[in-house]
Amino acid sequence: MTQLTVPRIEASKFDNLDPRQYILIKGAKVNNLKNIDVAIPRNKLVVITGLSGSGKSSLAFDTLFAEGQRMYVESLSSYARQFLGRMEKPEVEYIKGISPAIAIEQKVNTRNPRSTVGTSTEIYDYLKLLFARAGHTYSPVSGELVRKDSVTDVVNFMLSHEDGTRVLILAPLLIREGRTQEEELGILLSKGYNRIILGGQVVQIEDVLENPENYTQAGQPIFILIDRAGIRKDDEDTQYRLSDSVQTAFFEGEGVCIVEVMGGERKAFSDKFELDGIIFEEPSVNLFSFNNPFGACKRCEGFGKILGIDPDLIIPDKNLSVYEGAIAPWRTEKMNDWLTPLIRNGVKFDFPIHRPYRDLTPAQQNLLWTGNQYFQGINDFIAELESQTYKIQYRVMLSRFRGRTTCPDCRGSRLRKDASYVKVSGKSITDIVLMPIQDVLSFFKQLDISEHDRQVARRVLTEIESRLEYMCRVGLGYLTLNRLTNTLSGGEFQRIKLATSLGSALVGSMYILDEPSIGLHPRDTKRLVGVLESLRDLGNTVIVVEHEEEVMHAADQIIDIGPEAGTGGGHVVFQGNWRELLDDDKKASFLNQNRKSHTLDFLLEMDSIPVPKIRRKALHFVEVKGARENNLKDLNVKIPLNNLTVVTGVSGSGKSTLIRKVLYPALMRLKGEFSEEVGRFDEITGSLDRIEAIEMIDQNPIGKSSRSNPVTYIKAYDYIRQMMSDLPLSKARGYKPSHFSFNVDGGRCEICQGEGQVKIEMQFMADIYLTCEGCNGKRFKQEIQEVKYEGKDVAEILDMTVDEAIDFFSAPEPKLADKLMPLQEVGLGYVGLGQSSNTLSGGEAQRVKLASFLGKGSSNKGKTMFIFDEPTTGLHFHDIKKLLKAINALVEQGDSVLIIEHNMEVIKCADWILDLGPDGGEGGGYLTFAGTPEEMAKLKGNHTAEFLKEKL
């Protein structure tokens, strides 16, 4: 197989390739693939690239992965198959040499409120096992180790004395409820016991019962004499006898056994797990499981949050001092009585009543809540209100200060309080899940435990360390194990799945990844490439659908699908190592074949995205002050208006927190619109009157149902239906616009309800989707299809791509062509007008939303702020060029555009950059730079600046 010329491979050559060295795909026709043959070398890192919609995912997921999955499922018994998803056979002649396939897709995750990073990666399961087997419980009262004595411990204590030493084995006499001392002694006698110890003397039970008046010693403890023995270390019989007696003593004393060495000490042993008067729960796996009622925190029931008093509502403005009224509930005339003692007596305990709350030390802030002998704190105030909730004004007041807060009992870790008494090397499981993963890894690397515990936990520790290491290698060291999965971005979740796969260390498999670099800063992309290479070096075939240059540079082979998108794609335009084309002769030979490859144009620098000649200057700003949600460090940020502003920084530096959790919901609330919970910040100021609408354009699907499609989303279908109902034949037959809708009864096919397909359920095999017999997949009744516009009926119009429709309608219906133009401008010309929205990727859905705004020509022209969250997701360089043109069109009409982005092509085109960092997690949350790209490129030691220099 030659490296560079990849027209269709001769059948004889292709059939002779060895399936042990290649995965052979023959005649793939899935979606828009044009009957292609591909030989993918095994145990290599292969990147499949091409324009958005050119057929990359069709080849990687719908052909290769689908067949790998189907062959695996087919190998199972028919009984097992009924419980698994049914698998379609992809449209392909054959696939040979396929390995077990593992797909790691971009799908965001679970919405389960109990799923955390620790549970998704299985690290938490190993931690539970570690703490249950090698954890030691410490009393919260004295800090001493809690332990229980076994029979062996007691026997070993006795055998530690010299041979011939006499010992007494005793148990305390317990008087059960409803019995007298005489009755208890009588029962002992009937059990076969003869002696007790009373007042330090051995006496016969019979004597006590006959003459009780001789033995009445008030308050003196009574012990049952279980056994008397002499120590003989080498005599096995003696050891058996001692063990038996100790067991009996524990039974009679309900967990307490006392050993008295004649002429020496008396020592008590307990087989109860208790200390300082507290009985502790013994460590077990369930004790550390928050998904189990036994281990879940009793207060928050294992959710980590409770509806309680929100400190941010009690002290909303941290810039105020106590004297200026920082404590909101104490501002009223009546409640001022709580504040007065603090103001008057503050000087006595050196409390600065004129200092802003935010400048107080943590101890001083805490004092406001707890109070002291001079004044009652906020906690006492809340308790007072809660004790008087029969008064409506107090109920109303309490409701104003309630919010979802971290559970104080479990500190948000969701576990019952006593689970944190169990420690390994000085740390509880609660401490570990609240630490960033990189710190957890260094804790385990320096773990200081006894040799016995290390033996017990050896295998568990290996698993924990290996998984933590991979999490750090894929750039997620800033997350905590307690972080909820449903708060992660798509890229973070995909990298968690990648780290989990790596942790299982499979060999001989085929990993198919869907753009793993999404959401990654170029610094972290380098680390990711290292991870992919280690996956390959283990002996796996790694196939990556990717647009990121860094990943292409590392690939052993590139397969470029194209040349264009949609119907213009589906061909293999290049396969091989692109670096060979740096040789002028090979490059000339490739170009002579007239094979157009947009990817190679960019890699070989024959095409590029130009840097703007001038940067727009901002006259107006919006400023966020004191943002401190998640890891933001009390940030003050000025965001320019009527500008293209890009927010950058390494993964986990706080970009999404600042924009999605603070700025966006805060602006929405200012405009009086509903928004999710607003992150913590002090105030938002600036030219707020210059923003009338805020639009968040993210990657959530544009419609959940199979009936939603791009042409309905941008409201162009209404125009088409009106246009069809205005035709003479429609008027003659009385057809209304609704007759041309596949969503309502009237014109749609009644058999398939306008779906075009009928689903037939097959018990063990894949459900079969058959083209509807009634309408032949056209969705409409026969008589509706008789109405034609310029020779095309409504079904044929829906089958057109956006590009074809614009050509078709530009002369007769320029208005309709104009409505469709925005889709073409954002690079979606290849999408079918009637294509189901659930077949669009996240990036495509985001661009359909952008097109809908471009098409509306916003009613608040020049007054809208558009917020994009990584709009380059799933975009090829060629498409990024188109996207930037569309985004700049919004700025040109006077709107403000704010983009969260890692892609250097977009960053270099910004008017203004806000860089957060310097690192992720606790090391992030600072504003490290604000200014133009040219100014940024001069920075030293800034992660973003290093990569930006190369682009400028």
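Side chains of T430 and S420: a donor-acceptor N/O pair is absent below 3.5 angstrom, by distance only. Checking D431 against S428 by side-chain atom types alone, a donor-acceptor pair falls below 3.5 Å.
Of the possible polar contacts, none joining the E946 side chain to the H943 backbone as a donor-acceptor pair under 3.5 Å is found. No donor-acceptor pair closer than 3.5 Å links the side chain of R404 to the backbone N or O of K305. Side-chain atoms of K423 never come within 3.5 Å of backbone atoms of Y421 as a donor-acceptor pair (strictly under, hydrogens ignored). A donor-acceptor pair under 3.5 Å is absent between the side-chain atoms of D911 and the main chain of K617, judged by distance alone. Distance alone, capped at 3.5 Å, is enough to place a donor-acceptor pair between the Q364 side chain and the T361 backbone. Of the possible donor and acceptor atoms, none in the side chain of S687 sits under 3.5 Å from a partner among the backbone N and O of R690.
Remark: T119 pairs with T116 by the side-chain hydrogen bond (donor to acceptor under 3.5 Å, both in side chains) rule, at least two apart or across chains. Remark: N345 engages K348 in a side-chain hydrogen bond (donor to acceptor under 3.5 Å, both in side chains) (not counting sequence neighbours). Contacts of S142 classified as side chain to side chain contact (heavy atoms under 4.5 Å, CB included), with partners at least two apart in sequence or in another chain: S139, E144, L275, D276. Not counting sequence neighbours, the partners of I392 by the side chain to side chain contact (heavy atoms under 4.5 Å, CB included) test are R395, V396. Applying the side-chain hydrogen bond (donor to acceptor under 3.5 Å, both in side chains) rule to R660 yields the partners D698, D869; only residues at least two apart in sequence or on another chain are considered.
Looking at F303 and R414, their side chains never come closer than 4.5 Å, going by heavy atoms from C-beta outward. For the pair K655 and H521, the minimum side-chain heavy-atom distance is 4.5 Å or more. Side-chain contact between I694 and K671 is present, with at least one heavy-atom pair separated by less than 4.5 Å. Two residues are said to be in side-chain contact when any heavy atoms from C-beta on lie closer than 4.5 Å; I867 and E695 fail this criterion. Side-chain contact check for L635 versus L916: some heavy-atom pair is nearer than 4.5 Å. Considering only heavy atoms from C-beta on, E122 comes within 4.5 Å of R467 through its side chain. Two residues are said to be in side-chain contact when any heavy atoms from C-beta on lie closer than 4.5 Å; E623 and V637 fail this criterion. Side chains of N642 and L619 form no contact here, defined as non-hydrogen atoms less than 4.5 Å apart.
Taking the ring axis of F273 as reference, the NZ or CZ atom of K148 does not stay both within 45° of it and closer than 6.0 Å to the ring centre. R495 forms no cation-pi arrangement with Y470, by the criterion of a distance under 6.0 Å to the ring centre and an angle within 45° of the ring axis.
You'll find the ring centres of Y126 and F131 outside the 6.0 Å limit.
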### Message
Would Y138 and F280 count as a ring-ring contact (aromatic ring centres under 6.0 Å, His included) here? Give the steps.
### Response
CA-CA 9 Å; Y138 292 87; F280 293 89; over 10 Å; no
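Relative orientation of the W338 and W330 rings is parallel, given thresholds of 30° and 60° on the angle between their planes. Aromatic ring orientation, F349 versus F375: parallel (interplanar angle below 30°, classes split at 30° and 60°).
The side-chain hydrogen bond (donor to acceptor under 3.5 Å, both in side chains) analysis of residues 371-384, with sequence neighbours excluded, yields the pairs E384-Q388.
The nearest pair of heavy atoms linking E629 to G679 is OE1-CA, 3.4 Å.
In this structure, D409 does not pair ionically with K298, as no charged nitrogen and carboxylate oxygen lie closer than 4.0 Å.
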